[in-house]
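These notes concern the structure reproduced below.
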Amino acid sequence: MAEMDTSSSGGKGKKHGGTKSKKQSTRVDMTPMVDLGFLLITFFMLTTTMSKPKTMDLIMPKDTKEEKDQNKVKESTALTILLGKDNRVYYYEGLAQDPNAAANPDFFKATSFANKGGIRDEIIKKRDEVSKLRNAKGEPEDVVVIIKADDDATYANFVDILDEMAINRIQRYATVDISDQDKTWIKQTETANGVK
Amino acid sequence: MPKIKMPRKSTAIDMTAMCDVAFLLLTFFMLATKFKPDEPVTVVTPSSINTTLLPDSDVLLFTVDKDGRVFFSMDGQPKRKKLIEDLNAQYKLGLDDKEIKSFVTGASVGTPIKDLKNYLSLSEDQRKKQGLDKGIPTDSANNELGAWIEYGMAAQGGNFNKLKYCIKADNATPYPKIKEILDTFKAKHIQKLNLVTNLKSAPQGTAAWKEEQAAGGKKE
């Protein structure tokens with residue numbers, strides 16, 4: 001192929017001429033073999049799995065305990081996050097157990113999963129705010145994030161928000177069924193923003 | 001003065017070394033990797049920063065595609081054999097040896113239990129054609145997912161501590177379906193689940209990122 005036979009051509013210029021039959025080169029052209037080798041490598045690289053898939057632990061609360069645990073959460077340390085359709089995220093501070101809470105127009109807010117100015121900033125803001133509060137023993141409070149997914153949310157949203165908990169090292173969070181009140185708020189916000 | 005004659009160099013490159021390297025790499029890839037397991041449906045998993053590895057064995061894997069169809073798979077042929085024999089006896093499916101073998105050596109199944117005989121007698125292409133890949137029913141009226149979990153557990157032969165329950169769902173799977181599955185696990189008193197995700201790096205400036213940096217970029 002690319003090989004030029006120069007092994008015996010040098011003989012012309014040499015002093016000890018002597019007509020001899022051309023020596024055949026003993027070299028084997030390895031190029032096709034290399035081709036084959038790399039072809040097989042490519043095949044194996046593409047058809048096999050090298051890295052095992054990663055998993056995320058999800059520990060669900062026991063049903064019986066849930067009610068009790070939920071009540072322990074203080075209004076001041078809680079952040080409720082709602083997952084809506086089209087990757088929308090809604091959030092409000094506290095648990096919204098007070099029906100008058102929604103009277104404040106700024107209460108129910110919408111955001112996104114964006115890296116900047118999204119839900120992460122809100123989680124961090126709330127976490128830092130809450131860590132300034134002190135409980136009865138004088139220890140810093142922990143923020144508690146309540147996650148509620150609407151029926152229009154997707155699995156990706158769910159994993160994303162759990163991931164945010166891991167990213168921001170939020171120790172206490174829970175996934176809770178969405179309430180009718182939350183659904184109404186989502187609807188209202190959607191209509192207000194012209195989302196169909 | 002005689003001219004100094006430069007000996008002509010051959011343009012041929014010795015490929016032997018390169019060949020050695022190629023086959024060395026080939027051997028490495030053949031030994032270090034395993035074939036991608038058959039998947040009934042393509043599932044694009046979401047990404048997370050978690051680095052926990054999915055174990056090789058003792059896994060009950062539930063694959064959920066974007067339409068919410070649920071598929072069940074389990075490792076270990078002896079275990080699969082026990083599982084299908086139990087199901088056969090319990091639901092009086094009347095599976096013959098060939099169908100049992102089809103399950104034992106197969107990958108995932110996703111069909112209502114009553115269709116199982118028909119399902120196992122067909123090849124994968126035929127299943128697709130006949131629309132038998134319906135997924136395991138998870139609704140509350142006919143929750144066969146619970147049965148699969150139970151029989152899957154029974155097939156482990158008492159080794160429950162190591163057993164992991166994995167859910168591999170698509171990005172676009174609607175949440176209510178996920179919730180149904182989670183509720184099924186809850187009803188079986190299984191609280192610890194593993195969600196299969198892709199790895200992504202922690203975003204800069206966050207708590208997880210700082211921890212990673214503090215650990216010298218090495219995590220776990």
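Proteins get letters first, then strands, A, B, ... in listed order; numbering begins at 1 in each. These numbers come from the heavy atoms of this one structure, side chains and all, not from hydrogens, waters or symmetry mates.
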Counting only non-hydrogen atoms closer than 4.5 Å, does [X] touch chain A with its backbone (N, CA, C, O), its side chain (CB onward), both, or neither?
X	value
B:Asp170	backbone
B:Ile190	backbone
B:Ala172	backbone
B:Lys210	neither
B:Leu193	both

Check: [Y] and [X] side chains under 4.5 Å, non-hydrogen atoms:
X	Y	value
B:Phe72	B:Leu60	yes
A:Leu162	A:Tyr173	yes
B:Ile181	B:Leu145	yes

Does any heavy atom of chain B fall under 4.5 Å from the side chain of A:Ile170, the backbone, both, or neither of them? neither

Using non-hydrogen atoms only, which part of A:Asp150 is less than 4.5 Å away from chain B: side chain, backbone, both, or neither? backbone

Given the side-chain rings of B:Phe185 and B:Phe62, with only the six-membered ring counted for Trp, is the space between their centroids under 6.0 Å?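 Between B:Phe185 and B:Phe62, the centre distance is under 6.0 Å.
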
Test: A:Asp151 and B:Lys177 ion pair at under 4.0 Å: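 Looking at A:Asp151 and B:Lys177, the cut-off is not met.
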
Is the closest basic N to carboxylate O distance between A:Lys125 and A:Asp121 below 4.0 Å? no

Among B:Ser48, B:Cys166, B:Pro174, residue most engaged with chain A (heavy-atom pairs, under 4.5 Å): B:Ser48

Pairs of heavy atoms under 4.5 Å with chain A: top-ranked of B:Lys164, B:Lys66, B:Met18: B:Met18

Test side chain to side chain donor-acceptor pair (under 3.5 Å) applied to B:Asn198 - qualifying residues, sequence neighbours left out: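 With neighbours one apart ignored, the set is B:Thr45.
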
